[in-house]
Amino acid sequence: MFSVADFIQEYETYSDEELLDIYINQEGYSTESLEAMNAVILKRGGLNKLLQDIEDKKVIEKEIERIENEAEIMGSQHIDASFIKTITSSAILSKEKVNEIIDSKHAEVELDIDDRKIKARTIVMGIAGTAIAAVIGGTLWGLQMIYSNAIFTFLFVGLILLCYTIIKLSTRQSYKNIVVIIATV
């Protein structure tokens, strides 16, 4: 059986949300664990402070989401990250944190835009990947038909995934690029 000290040691590692969950659902816990939970909540400033901290975290998460959405929308319109930084502000987060969020999201959007671009390399490597996928896929499909005299749907899905993977590796672009989709089909 665990002692109150053991429970306190464990509960000190819990997040505010986890402690609140224990506080709300007390019926499944022993008296020692509830005593330890109350002690940890008191160490953190009491129940009201715990609830306020949780609410503050939610406000910060919403603000981060708002900034990410703004950066994503403007980045997808090919607006420079430095310009986005000048027009985006936050009363909750520091300027450094806002800039970090914008840089991160803008880089993510740029990678997505680059992934969708059709380049000469994409077409050439797509053709090469299609040829390789056709040979490997055709061989596997033929062997499956020879030895089982049946066409299994899950093997067909596996064949499609195999072809997609070969083409993705050869073009270094994902399903977001139309050339990769056409080559896979």
Side-chain angles (χ1 to χ4, degrees), residues 10 13-18 20-21 25 54 56-90 92-185:
E10 182 176 337
T13 63
Y14 280 25
S15 69
D16 292 342
E17 292 82 6
E18 291 171 324
L20 183 63
D21 186 48
N25 303 311
I54 291 171
D56 291 345
K57 285 179 188 176
K58 288 179 183 176
V59 169
I60 290 171
E61 287 172 3
K62 283 184 181 180
E63 184 69 3
I64 290 171
E65 186 178 327
R66 179 190 67 82
I67 293 168
E68 285 178 339
N69 287 339
E70 285 182 19
E72 184 175 1
I73 290 168
M74 289 189 244
S76 65
Q77 296 171 352
H78 303 287
I79 296 174
D80 190 42
S82 59
F83 181 72
I84 297 172
K85 290 177 189 177
T86 61
I87 62 172
T88 304
S89 63
S90 174
I92 299 170
L93 301 173
S94 68
K95 188 68 175 168
E96 294 80 25
K97 182 69 175 171
V98 171
N99 289 344
E100 179 184 316
I101 293 167
I102 291 171
D103 286 337
S104 172
K105 196 59 164 180
H106 195 269
E108 185 180 310
V109 169
E110 283 182 342
L111 286 174
D112 185 56
I113 289 171
D114 189 53
D115 187 36
R116 293 174 190 264
K117 281 184 185 173
I118 298 174
K119 307 171 203 165
R121 183 185 160 287
T122 306
I123 294 171
V124 170
M125 294 308 291
I127 291 169
T130 302
I132 294 168
V135 170
I136 293 172
T139 303
L140 292 175
W141 191 255
L143 288 172
Q144 178 257 328
M145 288 179 66
I146 289 171
Y147 290 111
S148 69
N149 291 329
I151 298 175
F152 298 108
T153 305
F154 72 92
L155 292 177
F156 183 70
V157 171
L159 179 66
I160 291 171
L161 291 174
L162 173 71
C163 291
Y164 168 73
T165 303
I166 291 170
I167 293 166
K168 180 181 178 179
L169 290 173
S170 64
T171 62
R172 294 188 195 132
Q173 290 181 296
S174 72
Y175 66 92
K176 295 177 183 176
N177 191 301
I178 192 70
V179 172
V180 173
I181 296 297
I182 292 170
T184 300
V185 171

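Predicted model only: the values in this text are computed from it and were never measured. Just the heavy atoms: all of them, side chains too, but no hydrogens, waters or symmetry mates, feed the values below.
Taking 4.0 Å as the cut-off between side-chain N and carboxylate O, E65 and K62 do not count as a salt-bridged pair. Ionic pairing of K57 and E61 is not present here: no N-O contact between side-chain nitrogen and carboxylate oxygen is shorter than 4.0 angstrom.
Distance check, rounded to the nearest 0.5 Å: OG1 of T86 to CG of N99 gives 10.0 Å. Between the CD atom in E10 and the CD atom in E18 there is a gap of 9.5 Å [rounded to 0.5 Å]. To the nearest 0.5 Å, the span separating CD1 on I132 from CD1 on I127 amounts to 12.0 Å. With rounding to the nearest 0.5 Å, the separation of NZ in K105 from CD in E72 is 4.5 Å. Of the inter-residue distances, the one linking I84 atom CD1 with Q77 atom CD reads 9.0 Å to the nearest 0.5 angstrom. Atoms NZ and CG, from K168 and L161 in turn, are 11.5 Å apart once rounded to the nearest 0.5 Å.
The backbone N or O of D103 lies less than 3.5 Å from no partner atom in the side chain of K85, so there is not a single donor-acceptor pair. Looking only at distances, a side-chain donor or acceptor of Q173 sits under 3.5 Å from a matching main-chain atom of K117. S104 places no side-chain N or O within donor-acceptor distance of the main-chain N or O of E100, the cut-off being under 3.5 Å. Of the possible polar contacts, one joining the H106 side chain to the I79 backbone as a donor-acceptor pair under 3.5 Å is found. Judged purely by atom type and a 3.5 angstrom limit, D16 has no side-chain atom pairing as donor or acceptor with the backbone of I54. When atom types are taken as modelled, the side chain of T171 and the backbone of I167 share a donor-acceptor pair closer than 3.5 angstrom.
Side-chain contact check for I101 versus L93: some heavy-atom pair is nearer than 4.5 Å. At least one side-chain heavy atom of I113 sits less than 4.5 Å from a side-chain heavy atom of H78. Residues V98 and I102 are in side-chain contact: their nearest non-hydrogen atoms beyond the backbone lie under 4.5 Å apart.
Few gaps surround NZ on K95; more than 12 heavy atoms of other groups in view lie less than 6.0 Å from it.
Considering every non-hydrogen atom in both T130 and G126, the closest pair reads OG1-O, 2.6 Å. Between G129 and S170, the closest heavy-atom pair is CA-OG, 3.5 Å. The two residues Y164 and Y175 come nearest to each other via the heavy atoms OH-N, 3.1 Å. Shortest non-hydrogen contact noted between I67 and S90 is CD1-CB, 4.1 Å.
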For this session: Report the C-alpha distance between R172 and D114 in whole Å, list the side-chain angles of each, state the deciding distance to 0.1 Å, and finish with yes or no for salt bridge (Lys or Arg N to Asp or Glu O under 4.0 Å).
Result: CA-CA 11 Å; R172 294 188 195 132; D114 189 53; over 6 Å; no

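Partner of L162 under the side-chain contact (heavy atoms from CB on, under 4.5 Å) criterion, chosen from L140, V157, T184: L140.
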